[in-house]
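Below is one structure, written out as structure tokens, with a few remarks after it.
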Amino acid sequence: MDSKENLTVYSSEGPRRFITSHLWDIAQSLPQAHELGFRLFKRNLKAQYRQSMLGLVWAVLPPLATAALWIFLQGNNVVSMRDTGVPYPIFVLTGTMLWQVFSESISAPINQVTDNRAMLAKINIPREGLLLSGAYELLFNTFIKLVILSAVYLYFHQQVALRSLAIVPVGLFAISAAGFSIGLFLTPLGLLYQDVNRGLAILLPFFMYLTPVVYPVPQDGPLSQAMKFNPLSTLIVQTRNGFISQPVYDLSLFLLILLAFTLFFLICLAVYRIAMPIIIERMGS
Amino acid sequence: MNTDTLVRVEGLSKKFCRDLKRSMWYGIQDVGSEVMGLRRKPDLRTGEFWAVNDVNFELRRGECLGLIGHNGAGKSTLLKMLNGLIKPDRGRITMQGRVGALIELGTGFNPILTGRENIYNNGAVLGFTQKEINKKIDAIVDFAEIGDFLDTPVQNYSSGMKVRLGFAVAAQMEPDVLLIDEVLAVGDMGFVLKCYNLIDQILYNSALILVSHNIPQIARTATQIMLLDRGVGIVHTSDVPAGISAYYQRYEIKNGNFQGTGDVDLLDLRLVHDGETHRNGSNLTIEYGDGMEIEIDVLCREKISEPSMYLAFYDQSQRGVAEIMNFRECIQVQDLLGKASFSLKLPSLPFTQGKYSISISFSDTSHGVLFRNQSVISFNVHGKSHGWTSVQFSPEWQMKQMEHLDE
């Protein structure tokens, strides 16, 4: 073995490595990961819609259903809410769509990895490709949601101010980054223990009602205090304010949360890379 | 030809845990310590064992290592480490060049999508870019020979067709190191031969590691043999027939499957070779072309008016190899009662290297089969060469003539 070029080494020993060096590896394998991730995304999309009659509608059906329920409850005065500043359907639909983005981002990594278990166990693929495939799917579904949302806004003649709309892309990114990093954090654990997936299915709707998704932020009371400690509350409320042209407050807190989740995401990414070989030897195929 | 070393494996070990719950908990601990940058202790924890234990070998371009051993001997684990799927707990693997693996074919196929679409999916999983597949798609389609099915959803394919398509994509890899794990089990004969030919071509320019229970396949391709037993490479040799012979000797054929009416019992069956008598379990090994004598004792509780006895040789995979003509055609025996002994002499057995077992059945023209006993005894044949088929003749070859052609 004369040349050092193109050398593959797998060893139990090695220099102590820090998270940054793992992240550097990930950055270098990004082109291959993209190639695989994009292909898998296209594959899943094609297969999904070829085997379904409603097709794209599924991407927006859950938030539409939740919104419809709350519009019904509110319209019949079963629940009473403080004035939201915009027609309630606009308010609640924007909220549930944003929440859906969050909950889809949480489950994206773990779903992608579980669906491709066999591949992970048998073939040496750039494992970040699975995450990218999930991210592309997320992006695509979010785009459909935005299209539907615009249609609803047009129907209600809801004005959007370009200035406040500027926060929307940042907000969508922050919400997905929050969900994706939490999901990524849970992925290695969730591959070993099924409890993670089951727990998520119960906890997510619960958290939705703890977050001002279908109702505006209460002005006082214990719930309003609790929301101060719910980072998602800030992300969703501010992003929705951007949509419905209401003033965005606490911008610095918003950016701080975004930064925190971005850092958390990078750490989880490195943990994923470190953990996967150890998980794979335990999950079989 | 280039003969540089492509694979070097030094002191490679991997531990596993048999208990699922404990294994998952160890997994969490290992992830934790790895993330913190702590060194994992290579010692065994409670419930763990070495699935691969201190394996060493080196391979150069053009060489092929045949990995053989019983189920659970650690062959696949070793291959997974070489493929980078799991990390060694001890030791080191160094490989030069592109590493390809034929471990599972057709990964990434989606059953709903057509064969053509799935070529791209499978290709992406194997690390090809879309451009590369675009260039290779004609070669892939040619090799797979699935014809009109190319634009049919893969769920309508037979399992053999899926393997064809999967192999055709994988065949486009141009690896320096190729790992193969029993992928050619499915597929019809023509396709299997085509695959072997391709592997021969690849081998010419790469190093191959081949895991298989198909011994003729190993014998055909391997230049080295490693016999794994409970994770340890107990035999490692470039004398391929010797390695294969060691594998056969470790297989104990159990005296299995006895059927009978109870009227006649097989008391004993012995093999006499070189003046020594061998009973079942004595691990007799003869050289290619050696002869032997078979002695049979039976006990007849009822009078058998027209007995007939029939023996046959089976190979490792229970294929019939040769049979011994019914003794009724050779000698006259009538009204058999009580204990009787028979013997027959075989001057020379032209069997190729391997393990063979003998089955015997005893019947009566009027009563039908009285007993049938599969694999009563087994023996090994050791030879200098290993053939594809079980019987190898060594005739007197002669060259009749030779003429120089004038150009």
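Here the structure is a predicted model, which is why all the values come from computation and not from measurement. Just so we're on the same page: letters track the sequence lines, and every chain starts at 1.
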If you draw a 6.0 Å radius around [atom1] in [X], do more than 12 non-hydrogen atoms from other residues or ligands fall strictly inside?
X      : atom1 : result
A/Q194 : CD    : no
B/W25  : CH2   : no
B/R230 : CZ    : no
A/F38  : CZ    : no
A/F207 : CZ    : no
B/Q155 : CD    : yes
A/F185 : CZ    : no

Supply the atom-to-atom distance [X] [atom1] to [Y] [atom2], rounded to the nearest 0.5 angstrom.
X      : Y      : atom1 : atom2 : result
A/R43  : B/F109 : CZ    : CZ    : 11.0 Å
A/I274 : B/M36  : CD1   : CE    : 11.0 Å
B/L126 : A/N124 : CG    : CG    : 11.0 Å
A/L7   : B/T94  : CG    : OG1   : 6.5 Å
A/Q48  : B/I112 : CD    : CD1   : 11.5 Å
A/E281 : B/M81  : CD    : CE    : 9.5 Å

Report task. Using the side-chain contact (heavy atoms from CB on, under 4.5 Å) rule, take A/V9 and B/R92 through it: C-alpha gap first, then chi angles, then the decisive distance, then the call. Result -> CA-CA 7 Å; A/V9 177; B/R92 187 182 170 87; 3.8 Å; yes
Non-hydrogen atoms of chain A under 4.5 Å away: do they reach the side chain of [X], the backbone, both or neither?
X      : result
B/F128 : backbone
B/V35  : both
B/E10  : neither

Query raised in the report: Quick one: are A/R50 and B/N110 in side-chain contact, heavy atoms under 4.5 Å?
Result: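 Side-chain contact under 4.5 Å: no.
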Query raised in the report: Is there side-chain contact between B/M24 and A/Y193, with at least one heavy-atom pair below 4.5 Å?
Result: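 Contact flag for B/M24/A/Y193 side chains = yes.
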Query raised in the report: Pick from A/K46, A/H22, A/Q32: which one has the most heavy-atom pairs with chain B under 4.5 Å?
Result: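 Greatest number of close heavy-atom pairs with chain B: A/K46.
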List the atom of [X], the atom of [Y], and the distance in Å for their closest heavy-atom pair.
X      : Y      : result
A/A121 : B/L85  : O-CD1, 3.2 Å
A/I123 : B/E104 : CD1-O, 4.2 Å
B/P88  : A/Y10  : CG-O, 4.0 Å
A/R39  : B/A124 : CG-CB, 3.4 Å

Query raised in the report: Does any heavy atom of chain B fall under 4.5 Å from the side chain of A/L120, the backbone, both, or neither of them?
Result: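 Interface part for A/L120: backbone (N, CA, C, O).
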**Report entry** Residues A/L36, B/V125; criterion side-chain contact (heavy atoms from CB on, under 4.5 Å); working and verdict
**Finding:** CA-CA 6 Å; A/L36 175 67; B/V125 172; 3.9 Å; yes
